[in-house]
Number of protein chains: 2
Amino acid sequence: MQAPAYAVPMDDWNDLRLVLAIARNGSLTGAAKDLEINHSTAFRRLGALEDAIGVRLFERLPGGVYAPTQAGERMAATAERIETETDALDREIVGRDTSLTGRLRVTSSETLAYRVLTKQIAKFRELHPGILVELVIDNRVLNLSRREADIALRINRPREGDLYGRKLSDVAWTAYGSRSLLAGGAPATGPTDFAAYPVIGWEENASGINAAEWMAEHVPSQAIVYRTNSIVSQLVAAKAGIGVAVLPCYLGDPEPDLMRLVREPISALGRELWIVTHADLRRTARVRAFLDVIGEGMTAARPLLTGSLPSDG
Amino acid sequence: MQAPAYAVPMDDWNDLRLVLAIARNGSLTGAAKDLEINHSTAFRRLGALEDAIGVRLFERLPGGVYAPTQAGERMAATAERIETETDALDREIVGRDTSLTGRLRVTSSETLAYRVLTKQIAKFRELHPGILVELVIDNRVLNLSRREADIALRINRPREGDLYGRKLSDVAWTAYGSRSLLAGGAPATGPTDFAAYPVIGWEENASGINAAEWMAEHVPSQAIVYRTNSIVSQLVAAKAGIGVAVLPCYLGDPEPDLMRLVREPISALGRELWIVTHADLRRTARVRAFLDVIGEGMTAARPLLTGSLPSDG
DNA sequence: GCTGGCGCTTGCATGGACGCAAGTGTGACT
DNA sequence: AGTCACACTTGCGTCCATGCAAGCGCCAGC
């Protein structure tokens with residue numbers, strides 16, 4: 001900045017990515033994490049860029065907050081448009097790949113991977129050993145347009161127009177308790193009476209989670225004896241006899257220590273399982289192969305997912 | 001390419017510039033020159049990129065020709081869109097610069113710089129010593145959108161919508177010969193009779209040059225004794241008495257060895273002199289300052305440019 | 001058929017960008 | 001007030017990308 005401001009054309013497009021990352025994060029550290037570089041590198045690169053163009057791009061506020069100036073915002077906006085371009089380019093180049101080799105990033109929720117998906121990925125690996133599968137467990141919805149993942153298993157029908165998905169199955173939920181807690185009796189057939197048991201619930205402000213919202217409505221909060229935002233912890237707690245938990249059937253049914261509080265799944269909690277990819281990728285050989293294998297595997301897993309009892313068969 | 005094709009997202013936006021440059025040039029050497037890097041760097045970077053994405057971007061044809069594949073063309077297209085974005089960004093950032101310092105790239109034709117412009121740039125330098133003026137002599141029309149120059153002096157009214165220009169003066173042309181060749185008589189006042197003298201002309205296929213096309217029509221080709229594509233060479237040849245040349249008055253009139261073949265400028269060759277900048281830059285302090293200084297200076301130079309004879313005043 | 005020119009390809013030495021780690025400053029919570 | 005956490009800033013050593021230069025292949029022109 002102090003150096004003479006020889007306004008010079010943008011001669012390193014990567015600087016734009018840096019500016020975008022800083023603008024998005026509001027901090028050097030966050031930006032550096034995104035770009036997988038060291039803080040200090042981000043610091044020096046930004047400094048060098050500002051020197052070169054002779055314009056301050058971020059105000060350094062106390063507390064390490066980097067706030068974009070007008071010029072910084074303008075630059076970040078350009079970078080964002082460029083990012084959209086390169087994302088599309090990535091997808092298109094990958095979309096032409098007809099080889100059954102390379103990398104495939106799959107994302108799903110923790111529980112789904114635990115009970116259903118891993119077995120099927122093993123099958124897939126057997127059929128296509130040349131493809132390296134990367135399973136990203138993340139309950140956040142990763143951005144397929146940005147290629148944070150190639151394929152996602154989601155509990156919602158995809159809404160974005162440029163995504164392409166297929167419904168794999170319905171997913172049923174119901175209430176479970178340990179056999180000791182429920183005294184080993186047969187599951188009730190009538191409406192669930194939660195008040196009769198201690199209940200395991202979600203953390204207070206768990207918004208956006210279907211089960212959490214349903215419970216807030218149907219379970220008296222005095223009945224709740226334990227709260228956690230982790231569904232796995234709920235499962236473990238239920239097995240330990242702490243209380244009754246509302247779980248997807250594919251988690252609850254395979255646990256020998258657990259039994260259903262009521263026989264039928266709770267229809268209000270029924271969801272759909274979708275497998276989703278970006279439209280640009282759906283003709284890629286390895287994506288198509290994965291869709292095929294999982295599609296077939298899910299047929300076998302459907303009774304588990306829909307909560308059909310073995311005796312129902 | 002031989003390495004396993006781990007399709008990986010575009011993680012270096014500069015690679016796009018390389019692909020674009022190679023696609024534009026059809027060769028590594030040309031691309032490297034554009035990017036001001038070494039051939040070998042271009043070679044290795046392209047190789048690394050193709051390895052990383054697992055896609056061949058260029059076919060290596062014999063003779064060192066690099067022809068883009070489909071994927072290469074797709075990537076170059078993206079790069080071109082990005083270039084437009086960054087160009088606009090450059091201009092906008094520079095456009096906000098209110099300091100009278102920095103760099104200013106000016107382009108004009110050789111003859112204009114020689115007779116008219118340099119003097120005025122000297123004046124400008126005196127008034128604004130903090131601004132480094134780079135005069136790019138190039139008879140090609142440089143691309144102001146791409147900031148190949150900030151300001152251009154052109155002999156045509158600018159057509160592109162995003163350029164901003166001002167007419168500085170009319171520019172007159174007429175025919176000149178050395179005093180010895182024309183026998184020192186007073187210039188004729190009637191229509192020019194070229195056939196009476198040897199004539200200096202343009203190279204055969206000089207298309208797009210007004211004077212060349214006019215001469216092809218009005219001067220019998222047998223009369224032409226010397227051809228060159230350089231107007232400076234024409235001037236020198238005329239001074240040497242080789243023949244009659246058609247020159248802009250600002251070139252011919254100041255030469256004591258030359259005199260006009262006819263008194264009045266040839267109206268069909270009349271052009272306009274414009275000073276042009278990009279609309280995004282016209283409020284930049286140093287651009288505005290330059291426009292002002294040149295605008296004023298041109299008022300003084302107008303008699304020379306329009307071909308008014310001293311005696312006419 | 002040889003020579004010169006041009007451009008790609010490859011070995012080698014260097015310099016600058018990078019990661020690491022220590023230092024500093026700021027805010028929040030006790 | 002004191003401690004902790006977090007993030008920016010800066011010095012230092014390393015390593016990789018780069019430029020340079022030599023080698024090779026292709027083409028054209030004498």
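The analysis underlying the following values was restricted to heavy atoms, covering all of them including side chains, and did not include hydrogens, waters or symmetry mates. Convention: sequence-line order gives letters A, B, ...; per-chain numbering from 1.
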Let me know the distance between CZ of B:F43 and C1' of D:dG19, rounded to the nearest Å. 15 Å
Pair A:S99-A:T101, side-chain donor/acceptor within less than 3.5 Å: yes
For the pair made of NE2 in A:H39 and P in C:dA21, what is the distance, rounded to whole Å? 11 Å
Is A:W13 close to B:E83 at the side-chain level, that is, under 4.5 Å between some pair of heavy atoms? yes
Let me know the distance between CG of A:L28 and P of D:dT10, rounded to the nearest Å. 12 Å
Hey, which of these two, B:S40 or A:T41, hits DNA chain C nearer its 5' end, going by closest nucleotide? B:S40
Separation of C:dG7 P from B:D34 CG (nearest whole Å): 13 Å
What nucleotide, of C:dC8, D:dA7, C:dC18, holds the atom closest to the side chain of B:T29? C:dC8
Suppose we call a contact any N or O donor and acceptor under 3.5 Å apart; does that hold for the side chain of B:R44 and the base of C:dG11? yes
Closer than 4.0 angstrom, basic N to acidic O: yes or no for A:R105 and A:E134? yes
I'd like to know if the side chain of B:T284 and the backbone of B:R286 have a donor-acceptor N/O pair within less than 3.5 Å. no
Whole Å only: how far is the CG atom of B:N38 from the P atom of C:dG11? 16 Å
Rounded to whole Å, the CD1-P distance (B:I37 to D:dT18) equals 7 Å
Spacing between A:D12 atom CG and C:dC18 atom C1', to the nearest angstrom: 14 Å
Per B:S27 side chain, nearest of listed nucleotides D:dG19, C:dC8, D:dA7: C:dC8
Can you tell me how far P of D:dA17 sits from CG of A:N14, to the nearest Å? 13 Å
